[in-house]
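First the proteins, then the strands, lettered A, B, ... as listed; each starts at 1.
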Amino acid sequence: MHSNVVNGGYESKSIEKKWLKKWEEDGINNLKDSSRKNKFYCLEMFPYPSGEPHMGHARNYTIGDVLARIKSRQGFNVLHPMGYDAFGLPAENAAIKSGIHPKKSTFTNIRKMEEALMKMGMTYNFKEQVITCEPEYYKWTQWFFLLLYKMGLAEKKEGPVNWCGSCQTVLANEQVIDGRCERCDSEVTRKNLSQWYFKITDYAQALLDDMELLKGWPDRVLTIQKNWIGRSEGAKINFKLDDNDEEIFIPVFTTRPDTIFGVTFFILSPEHPLVEKIVTDKETRKEIDRLKILISKQTDIERGSAIAEKIGGFTGRYVINPVSGEKVPVWIANYVLSDYGTGAIMAVPAHDERDFEFAKKYQIPIREVISPTGKISAEIKEVFTGNGKMVNSGQFDGLDSEEGRQKIIKYIVEKNIGNAEINYKLKNWLISRQRYWGAPIPIIYCEKCGMVPVPEKDLPVILPEDVDFKPTGLSPLSYSEKFVNARCPVCGSPSKRETDTMDTFVCSSWYFLRYCSPSYDKEAFRKEEVDYWMPVDQYIGGIEHATMHLIYSRFFTKVLYDAGLINFKEPFTRYYPHGVVTLGGQKMSKSKGNVINPSEIYDKYGSDTLRLYILFIGPADSIVDWSDKGVEGSYRFLGRFYRIIAENINKLEKSGFLRSKNIAGQKSARIVPDTLDGPSKELARKLHQTIRKVTDDIFRFNFNTAISAVMELLNSISKYNSLKKADDFNDMLLFETTENILKLISPIAPFIAEELWEKLGMEYSIHKTAWPEYDPEFAKEENITIVFQVNGKIRDKKDFSLDCSEEEVSRYAFSSPRIVESIGDKKVVKKIFVKNKLYNIVIV
RNA sequence: GCCCGGGUGGCGGAACAGGUAGACGCAACGGACUUAAAAUCCGUUGAGGCUUGUCCUCGUGUCGGUUCGAUUCCGACCUCGGGCACCA
């Protein structure tokens, strides 16, 4: 290690080294204390062990660490755990490239992460980490799979899936961004495969309803989730195929049953199973087949975006509108999706943008049935999607569209042709992956018994280590004879194991429960521990997990609740999304080479500087751009802090104050307000105001302003120290201020605080002391500045005593030359007095 | 296209309930210390004006409104960021 960057007497390197060692020996970073009554579970999203924590991790974990430390100092029993989301593609991809086994690289990386987190002074109990790729953990991930299976929430289904050709695996909908793979950015194609799904859609409504319990979540996150779940209310209506031989009903979903008289055509998605059946004419069939192939070749981007061109064709057949009795043509079109609603729609071109565009292109009639004015338009030039009066709608004419919707639903229910229905955009969670580095799905296929779940007593299904994990599109595990061949748990005959592994989001959907009893080996979690610690009081992590991890974790929690295994419905009481750290306005990324690692910073300036800077850089939830100058500023501040406090300690030593009293043990005989005056009183006030502000700001996640308050206090101390007259000086006050400023900075910059605490002769450790509380008597301002305005413009300012009367203020106002001059010969019509703030004279 | 957030000095950002806009920090400039530099310490620093003051005018994306008073509330627009995006 090289010497410190020049900074007065502040030797961050040796200080941090010294305390790291001491803290580790004493286990001081474990904040659990079962003798305390109230608990606080502070959780930060655990990292994927990529090798070294990045700046986002540093930000995330520093925020959590500060909160956990303060909660502990405020007397809470604090659970502040750490672990690793250790399964996943990157390790496997790296293994394919470099030949190093994922297990080896993962554990090497974990050690590195661990060391870095320790160096940053994080208060995790490193002895109780949770690592998802260990059999002791994934045994219970598999147990969860079985639980969902038993509850009918896990199913194997043939269906179109998102296939990433480069990763050679299936992706969940959430992992596809703009038709591309989230990880490798290559284009995602559709493929029909038999895959495992978790039926999260069964919980769509519960996920929406229970948002009411998430008062401690930012609205924007709930909005994202609502959007993702995509609930829409409407009706399912059956249209009968116009056919002489057979009664075929085709249901559609619509949110606008009130527009049913405006249906001028009907569309099936190209993948709709009835397309095959109903197209009878040979020539038409040719054309429809051609279209189907054309559309199936379209990528998600070409087909899926709102601006994509609409294409389709007439099937030669008709359906009967069940309400109007009208016969309308059946088309297929690329813009009708097979996996939403019923895969078929009633098209109302006058009142739907997409149908309008399609009708115009293919010259299909457009009929107005909702009119904003109630009058029928002569010509339809544009779509009207709003509410209005129903027209051209038979017995429903004249109704408001909202009312019409209810009336039509009532009608179709009575006539037995449909019903009210709710649809969600949320799709079932596809969890199988044709990859090696994941938790094996605990299922066995027996020729006689069929699909058999692995009995709980046989868990874990161990992921074998001697496997060839080259990507072939098939699960690497399928090449391992040893793994694949098994005995049927039911009949004992030779069987085959499921060779897919689980999406890593399954592992991370319950880790917060495991933290409550990390080494318990009888169950996934010890109930008493979970009852005590859960739900998480404060969760902190990137907003990019709003739709995946956070929804899945909420889903898992609800499943456990319904299984009667836990007594809460939501895992995270409060959630705080921190912002990302950019460099030059760009997202830091290894591939672009624009990365600043936390280690560079703590190696050069120390972890205190890193922590301080990352909190001071800007509001914790906003995107912040890295600035080397800013880091230096933080480092300089700590140097200045060190010098000024050391000077205080010096002074107190010289005056004999520190020797004369057994300060460390002394809690009583502190300053009484009346005994102070002048600069001392001012400093005492500043101190108590700072205690109040820092505490308030930190719990509002305003770390930047909390730090600026500490800076201001330091400036006040510095000024106080430069006082000429010795009588103005109060040793006790200086001591108390020193003691408290150290406490205030201690969760943010734990090393320097501990060092100076020791220098002050206090009992080890500052991190075990109670968090300071402010005294309102001290914090109270004596004088306040009243602002004088004339017609809202500031004309004068003057100090008055707190709570002074309007009369007093008014008397001054009308004697102030500047104010009198501003009034001139105008007439005073009104006087506004805001206590302790301002006096405004209104003239005309 | 729809739904959320933001736009404040040269820069990052303060202003918690409509009441002193620019806290704190960075950068810059001036001074002290030094043979010198670095570091440190002390100042100045939104723009413009002159009558240089405890001064005046302007100023929180643009335009308008409510109010004695608007960065804060309302309306329209411009712009940046995020989410969703043929979801019937």
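Side chain to side chain, A:Glu11 and A:Tyr642 fail the donor-acceptor criterion of an N or O pair below 3.5 Å. Looking only at atom types and distance, the side chain of A:Tyr340 has a donor-acceptor partner in the side chain of A:Ser232 under 3.5 Å away.
Side chain of A:Glu421 to main chain of A:Gly234: no donor-acceptor pair is present (N/O by atom type, distance under 3.5 Å, no hydrogens or angles). Side-chain N or O atoms of A:Asn704 include none that pairs as donor or acceptor with a backbone N or O of A:Ala620 at under 3.5 Å. A distance-only check finds no donor-acceptor pair linking the side chain of A:Tyr774 to the backbone of A:Lys693 [under 3.5 Å].
If you take atom P in B:A23 and the same atom in B:A47, they sit 13 Å apart, rounded to whole Å. Atom name C1', nucleotides B:C42 and B:G64: the rounded distance is 48 Å, in whole Å. On the C1' atoms, B:G22 is 13 Å away from B:G12, given to the nearest whole Å. Spacing of P atoms, B:A76 relative to B:A15, comes out at 28 Å, to the nearest Å. A gap of 42 Å separates the C1' atoms of B:C55 and B:G5, to the nearest Å. Comparing B:U52 with B:C63, their C1' atoms sit 37 Å apart, to the nearest whole Å. B:C2 and B:C16 have their C1' atoms separated by 33 Å, given to the nearest Å. A gap of 26 Å separates the P atoms of B:A37 and B:U45, to the nearest Å.
Evaluation of the side-chain contact (heavy atoms from CB on, under 4.5 Å) rule for A:Ile623 yields A:Val580, A:Thr582 as partners, not counting sequence neighbours. With sequence neighbours excluded, the residues that form a side-chain hydrogen bond (donor to acceptor under 3.5 Å, both in side chains) with A:His549 are A:Tyr539, A:Ser553. Checked against ring-ring contact (aromatic ring centres under 6.0 Å, His included), A:His272 has no partners two or more places apart in sequence or in another chain.
For the pair A:Lys797 NZ and B:G19 P, the interatomic distance rounds to 16 Å; values are reported in whole Å. Rounded to a whole Å, the CZ atom of A:Phe266 is 16 Å from the P atom of B:A88. Atom OH in A:Tyr10 sits roughly 17 Å away from atom C1' in B:U40 (whole-Å rounding). Rounded to whole Å, atom P of B:A88 lies 14 Å from atom NZ of A:Lys310. Between A:Lys837 atom NZ and B:G19 atom C1' the separation is 7 Å, expressed in whole Å. A straight line from CD1 of A:Ile707 to C1' of B:C26 spans 15 Å, rounded to a whole angstrom. Between the CG atom of A:Asn715 and the P atom of B:U40 there is a distance of 14 Å, rounded to whole Å. Atom CG in A:Leu612 sits about 12 Å away from atom C1' in B:C24, given to the nearest Å.
Geometrically, A:Lys310 does not engage A:Phe358 in a cation-pi contact, judged by NZ or CZ lying under 6.0 Å from the ring centre and within 45° of the ring axis. At least one test fails for A:Lys360 against the ring of A:Phe356: distance under 6.0 Å to the centre or angle within 45° of the axis.
For A:Lys793 and B:C58, the shortest distance from a side-chain N or O to OP1 or OP2 is below 4.0 Å. In this model, the phosphate group of B:A27 is approached by a side-chain N or O of A:Arg636 to a distance below 4.0 Å at OP1 or OP2. Dashed line: the shortest gap from a side-chain N or O of A:Lys830 to OP1 or OP2 of B:C68 is under 4.0 Å. Taking side-chain N and O atoms only, A:Arg795 has a distance below 4.0 Å to OP1 or OP2 of B:C56. The phosphate of B:C41 (OP1 or OP2) has a side-chain N or O of A:Arg640 nearer than 4.0 angstrom.
Using a 4.5 Å cut-off on side-chain heavy atoms (C-beta onward), A:Tyr203 and A:Leu426 make no contact.
Across B:A27, B:C4, B:C24, the shortest atom-to-atom separation from the side chain of A:Glu712 is found for B:C24. Considering only side-chain atoms of A:Met711, the nucleotide from B:A88, B:G25, B:C84 that sits closest is B:G25. Looking at the side chain of A:Thr785, the nearest of the listed nucleotides B:U20, B:G19, B:C84 is B:U20. Picking from B:A88, B:G19, B:C26 the nucleotide with the shortest atom distance to the side chain of A:Tyr340 gives B:A88.
Syn is the glycosidic conformation of B:G9, whose angle stays within 90° of 0. Anti is the conformation of B:A47, whose glycosidic angle sits further than 90° from 0.
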Taking N or O atoms only and anything under 3.5 Å, show me the protein contacts with nucleotides 6-14 of chain B, one pair per line.
| residue | atom | partner | partner atom | Å |
| --- | --- | --- | --- | --- |
| B:G12 | O2' | A:Ile617 | O | 2.8 |
| B:A14 | OP1 | A:Asn704 | ND2 | 3.3 |

Distances under 3.5 Å between nitrogen or oxygen atoms of protein and nucleotides 69-75 of chain B:
none

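Looking at heavy-atom distances under 4.0 Å, A:Ile794 makes contact with sugar-phosphate atoms alone, never a base. Within the 4.0 angstrom heavy-atom criterion, no nucleotide atom of any strand lies near A:Ser627. Using a 4.0 Å heavy-atom cutoff across all strands shown, A:Ser634 reaches no nucleic acid atom at all. At the heavy-atom level, A:Glu309 lies under 4.0 Å from base atoms of the strands shown.
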Subject >> Check against ring pair (Phe, Tyr, Trp, His ring centres under 6.0 Å), A:Phe616 and A:Phe637 >> reply: CA-CA 11 Å; A:Phe616 187 59; A:Phe637 166 75; 8.1 Å; no
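To the nearest 0.5 Å, atom CZ of residue A:Arg405 and atom OG1 of residue A:Thr255 are 7.5 Å apart.
Atom NZ of A:Lys798 has more than 12 neighbouring heavy atoms from other residues, nucleotides or ligands inside a 6.0 Å radius. Environment of NZ in A:Lys361: crowded, with over 12 heavy atoms of neighbouring residues, nucleotides or ligands closer than 6.0 Å.
Mapping A:Asn334 and A:Ser718 onto RNA chain B by nearest heavy atom places A:Ser718 at the nucleotide closer to the 5' end. Nearest-nucleotide positions on RNA chain B for A:Leu337 and A:Val787 put A:Val787 closer to the 5' end.
Scanning RNA chain B for stems, defined as runs of 3 or more consecutive Watson-Crick or G-U wobble pairs whose donor-acceptor distances all fall under 3.5 Å, gives the following ranges: B:1-7 with B:78-84, B:10-12 with B:24-26, B:28-32 with B:40-44, B:46-49 with B:55-58, B:61-65 with B:73-77.
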